[in-house]
Amino acid sequence: MRKNKMCRPEAPLVSAFPLRKWHGLCEVEWLKNEEVIDPTEDRNFYITIDHNLIIKQARLSDTANYTCVAKNIVAKRRSTTATVIVYVNGGWSTWTEWSACNSRCGRGFQKRTRSCTNPAPLNGGAICEGQAIQKLACNPLCPVDGLWTEWSKWSTCGTECTHWRRRECSAPAPKNGGKDCEGMVLQSKNCTDGLCMQSSLFQKSSEPKDKSDEFGYSSAPSTDDVALYVGIVIAVIMCLVISVIVALFVYRKNHRDFDSDIIDSSALNGGFQPVSIKTARTADLLAAPPDLTSAAAMYRGPVYALHDVADKIPMTNSPLLDPLPNLKIKVYNSSGLVTPQEDLSDFSSKLSPKLPHSLIDSDTMGRRTQSLVRSRDPSCTAFGSFNSLGGHLIVPNSGVSLLVPAGAIPQGRVYEMYVTVHRKETMRPSVDDTQTVLSPVVSCGPPGALLTRPVIITMHHCAEADSEDWLIQLKSQSQQAQWEDVVVVGEENFTTPCYIQMDEEACHILTETLGTYCLVGQSVSAATTKRLKLAVFGPVTCNALEFNIRVYCLDDTQDALKEVLQMEKQMGGKLLDEPKTLNFKDSTHNLRLSLHDVPHTLWKSKLLAKYQELPFQHVWSGSQRNLHCTFTLERFNASTVELACKLCVRQVEGEGQIFQLNTTLSEDTQCIDTSLLDPASNITTLVGPNAFRIPLSIRQKLCSSLDAPQTRGNDWRMLAHKLNLDRYLNYFATKSSPTGVILDLWEAQHFPDGNLNRLAAVLEEMGRHENIVPMATDH
């Protein structure tokens with residue numbers, strides 16, 4: 001590029017030129033952005049004898065304003081400024097390497113890219129022409145895993161008393177890097193049921209012998225070897241018989257000691273009075289509680305029965321769900337007190353000193369567990385003592401509970417059990433960019449406790465439940481504090497240790513392993529949605545001119561809101577409006593918060609921008625508890641005591657919520673009412689039959705009636721279908737009483753106000769007319 005500018009002095013300066021004969025020539029200078037150009041320093045500039053400025057080669061740095069200045073002793077003149085703009089056309093960078101094929105096998109494509117940055121277009125220069133992305137079709141071969149053919153027929157029985165069969169890894173054979181078959185090619189077994197006697201006929205037959213030698217096997221055992229094997233078998237049988245006799249003797253001795261102990265104590269039945277005792281019994285029998293051990297032995301289903309077989313009511317047209325008589329119940333709160341007027345030591349003292357330590361498990365599950373649980377935040381923990389009658393642990397106002405069904409704890413054992421919600425950031429599992437924590441971290445124990453049927457852990461979640469949009473995974477924490485995958489919801493099978501029932505707001509985990517659990521979700525589409533709970537707080541007392549509005553964006557679980565309410569109570573805050581729910585999508589868009597309709601004559605906002613934003617990843621991951629932002633308003637006069645405005649919270653290009661804020665700035669110190677969050681005022685532990693809506697005798701009848709398969713199909717499978725619990729029937733089918741597990745899950749879902757009349761209506765719809773009776777709403 002070449003740009004010339006001629007400096008021509010204006011008329012007044014020209015008229016002064018004759019003075020040069022006495023005072024020298026006129027001085028001419030060129031200015032670049034008001035700085036003098038010196039061609040000796042920058043040889044890209046050249047000034048001709050006629051004072052023309054020549055730019056030899058255009059450079060990006062030559063973009064500037066150029067001015068010619070002529071002066072002498074009389075006057076000074078400036079030319080009009082000439083603007084020189086150097087245009088830079090864009091140029092392509094080199095191509096990147098080809099990417100890997102996006103398909104593991106079959107038709108796909110690979111691509112490479114380049115960018116218009118060599119150089120990038122500047123000052124209106126032309127952009128690059130051509131494609132920035134190139135794609136190339138690819139078709140990698142699919143790996144084929146090998147599969148076995150069917151076994152061949154067994155060979156004839158040889159002189160070694162064995163026969164053979166074989167198979168090949170050719171149905172299909174592995175190729176393209178596929179896995180080879182696992183297992184044996186050849187299989188052999190004894191063909192005489194272990195009674196192998198060689199005869200002279202076999203010894204004379206050389207062909208089978210050669211065939212066996214081919215595989216490297218020795219000849220059949222001798223007569224002495226057979227006698228040795230028979231002697232070993234007889235010895236093993238004698239040992240087993242002696243072991244059974246000793247075990248039976250020990251059992252009867254313990255059983256006799258147990259009965260003599262329980263006559264004067266109600267500890268083993270949890271403090272409950274006996275029920276449904278037949279009036280035909282003698283006075284001595286009426287004075288003693290029922291024999292718990294014999295009752296459990298007579299019932300072939302789960303250990304629900306608490307009476308002997310004579311007390312069982314057959315499935316007839318008698319009232320099915322009549323409530324049991326009022327039973328005594330021991331209620332523990334999370335502060336460790338026992339009602340009525342009994343503490344844990346009193347409860348333990350009721351157990352007979354003659355009971356073996358294995359029945360109480362005091363070494364592993366007693367004082368150590370109790371001290372561990374009581375050291376935790378009582379508002380996040382519930383604990384109590386349970387035996388085979390079962391019960392319910394509830395962490396108040398958190399949506400978290402642990403249901404221990406009757407029969408889950410082995411007969412005669414007492415466990416100190418607990419359930420707690422962890423609020424420390426370090427306890428939460430780490431997630432990647434596509435994952436999010438959907439539930440609180442919940443622990444239940446004691447870890448390693450032996451359970452004979454599943455317990456049910458209930459916790460709230462914040463997933464907008466749609467199985468097609470979510471991949472939800474249950475994780476558990478190992479003893480090494482490492483998070484491990486347990487099961488993906490919807491992918492349970494016979495080998496998975498848990499079953500998960502997802503409801504709209506809560507999930508119920510059926511497991512026989514006590515530990516620490518959490519739900520983690522992975523988005524599978526941009527429509528995946530999680531629920532947020534929005535809560536707006538302000539100070540109760542405001543003596544200063546500034547007024548802070550705190551907006552919390554929480555996972556929509558009860559415990560998350562409960563934690564913020566407790567924290568704001570300590571800070572002296574109050575709710576400015578009812579908390580609201582917001583659906584937050586996996587669209588990568590931030591959460592935007594803004595104030596509107598602030599009375600500017602009374603208040604001013606100290607926020608310089610029009611809004612605040614919370615980054616998408618901070619909101620989506622769920623790993624940051626108590627996520628919030630603050631708006632600060634300042635009143636012009638201390639006499640202003642009222643504030644009315646709107647607060648808008650919405651996801652960019654998504655849904656939003658509007659809060660109507662109307663508050664009065666008072667000087668009292670009363671905080672928000674969180675009395676419902678006081679753990680001492682809430683029942684946290686229910687023990688025994690009164691922990692369940694369905695009476696025990698009725699549960700027995702339902703189990704014995706519905707567990708057996710029916711030709712019409714109106715058995716436990718139809719019950720699961722009617723109660724919408726039929727997502728994976730195979731889980732219930734593996735239990736000794738499928739009906740019992742289904743009813744346990746129904747109890748957990750509908751605690752504490754399960755509608756027994758609705759359950760009776762379900763039985764009527766199933767056509768089980770012998771079970772249709774009016775159901776009591778309380779018991």
Side-chain angles (χ1 to χ4, degrees), residues 1-96 113-132 545-546 592 594-595 598 600-601 603-613 632-634 636-637:
M1 173 181 168
R2 183 181 179 92
K3 178 68 178 179
N4 297 336
K5 178 66 182 177
M6 182 178 293
C7 177
R8 299 182 182 278
E10 298 181 359
L13 185 58
V14 174
S15 63
F17 278 175
L19 296 177
R20 287 183 297 174
K21 296 180 181 180
W22 296 275
H23 301 286
L25 298 176
C26 170
E27 295 183 12
V28 178
E29 295 176 336
W30 279 93
L31 304 181
K32 176 184 178 183
N33 291 336
E34 301 303 323
E35 293 186 359
V36 177
I37 297 175
D38 186 356
T40 61
E41 293 182 358
D42 189 346
R43 296 188 178 278
N44 196 46
F45 295 109
Y46 174 69
I47 300 176
T48 66
I49 193 170
D50 296 329
H51 306 298
N52 295 328
L53 176 64
I54 299 175
I55 301 177
K56 297 179 181 179
Q57 184 176 4
R59 302 168 302 186
L60 186 60
S61 60
D62 294 332
T63 299
N65 294 322
Y66 294 87
T67 307
C68 180
V69 178
K71 61 183 178 179
N72 59 17
I73 60 175
V74 178
K76 179 179 179 180
R77 294 290 183 268
R78 295 170 61 94
S79 68
T80 303
T81 299
T83 301
V84 176
I85 299 176
V86 178
Y87 301 97
V88 179
N89 295 329
W92 289 110
S93 66
T94 58
W95 288 101
T96 62
T113 60
R114 60 179 179 174
S115 59
C116 188
T117 57
N118 187 31
L122 292 174
N123 301 326
I127 63 174
C128 302
E129 295 182 358
Q131 295 180 341
L545 295 179
E546 290 185 351
R592 182 172 295 177
S594 56
L595 279 177
V598 178
H600 297 291
T601 57
W603 297 83
K604 70 174 181 179
S605 173
K606 302 192 74 174
L607 181 67
L608 299 179
K610 292 183 179 180
Y611 55 83
Q612 298 188 60
E613 284 192 351
T632 301
L633 299 178
E634 184 177 0
F636 296 115
N637 195 314

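Quick caveat: nothing in here was measured; it's all calculated off a predicted structure.
Contact between C128 and G90 at its shortest, heavy atoms only, is SG-C, 3.4 Å. Residue C68 comes nearest to V28 through the heavy atom pair SG-CG1, 3.7 Å, listed as atom of the first residue, atom of the second, then distance. Minimum interatomic distance between Y611 and S594 (heavy atoms only, all atoms of both residues): CB-CB, 3.8 Å. When all heavy atoms are compared, the tightest approach of H600 to F636 is O-CE1, 3.2 Å. Looking at every heavy atom in both residues, W30 comes nearest to N52 through NE1-C, 4.3 Å. Between P119 and N89 the shortest heavy-atom distance is CG-O, 3.6 Å.
Using a 4.0 Å cut-off between a side-chain N of Lys or Arg and a carboxylate O of Asp or Glu, K76 and E29 do not qualify as a salt bridge. Comment: D42 engages R59 in a salt bridge, judged by a side-chain N to carboxylate O separation of less than 4.0 angstrom.
Considering CH2 of W92 and CD of Q131, their distance stands at 8.5 Å, rounded to 0.5 Å. Put simply, CD on E546 and CH2 on W603 are 10.0 Å apart, with the number rounded to the nearest 0.5 Å. Atom CD of E634 and atom NZ of K604 lie 4.5 Å apart (nearest 0.5 Å). For the atom pair L633 CG and K606 NZ, the distance stands at 10.5 Å (nearest 0.5 Å). Atom CD of E27 sits about 10.5 Å away from atom NE2 of H51, to the nearest 0.5 Å. Rounded to the nearest 0.5 angstrom, L31 CG and L53 CG are separated by 10.5 Å.
Residues passing the side chain to side chain contact (heavy atoms under 4.5 Å, CB included) test with Y46, sequence neighbours excluded: T48, I54, K56. The salt bridge (charged side-chain N to carboxylate O under 4.0 Å, His left out) check on D38 picks up nothing, with sequence neighbours excluded. Residues forming a side chain to side chain contact (heavy atoms under 4.5 Å, CB included) with N123 (at least two apart in sequence, or on another chain): L60, T63, I85, Y87. Evaluation of the side chain to side chain contact (heavy atoms under 4.5 Å, CB included) rule for Q612 yields L607, C629, F631 as partners, not counting sequence neighbours. Looking at residues two or more places apart in sequence or on another chain, you find no side chain to side chain donor-acceptor pair (under 3.5 Å) involving R114. Under the rule for a salt bridge (charged side-chain N to carboxylate O under 4.0 Å, His left out), E41 has no partner lying at least two apart in sequence or in another chain.
D62 has its side chain out of reach of Q57: every pair of non-hydrogen atoms, C-beta onward, lies at least 4.5 Å apart.
Across N33, N65, T67, a single residue satisfies side-chain hydrogen bond (donor to acceptor under 3.5 Å, both in side chains) together with T81, and that is T67.
Under the 3.5 Å distance criterion, the side-chain polar atoms of T96 are matched with a main-chain donor or acceptor of T113.
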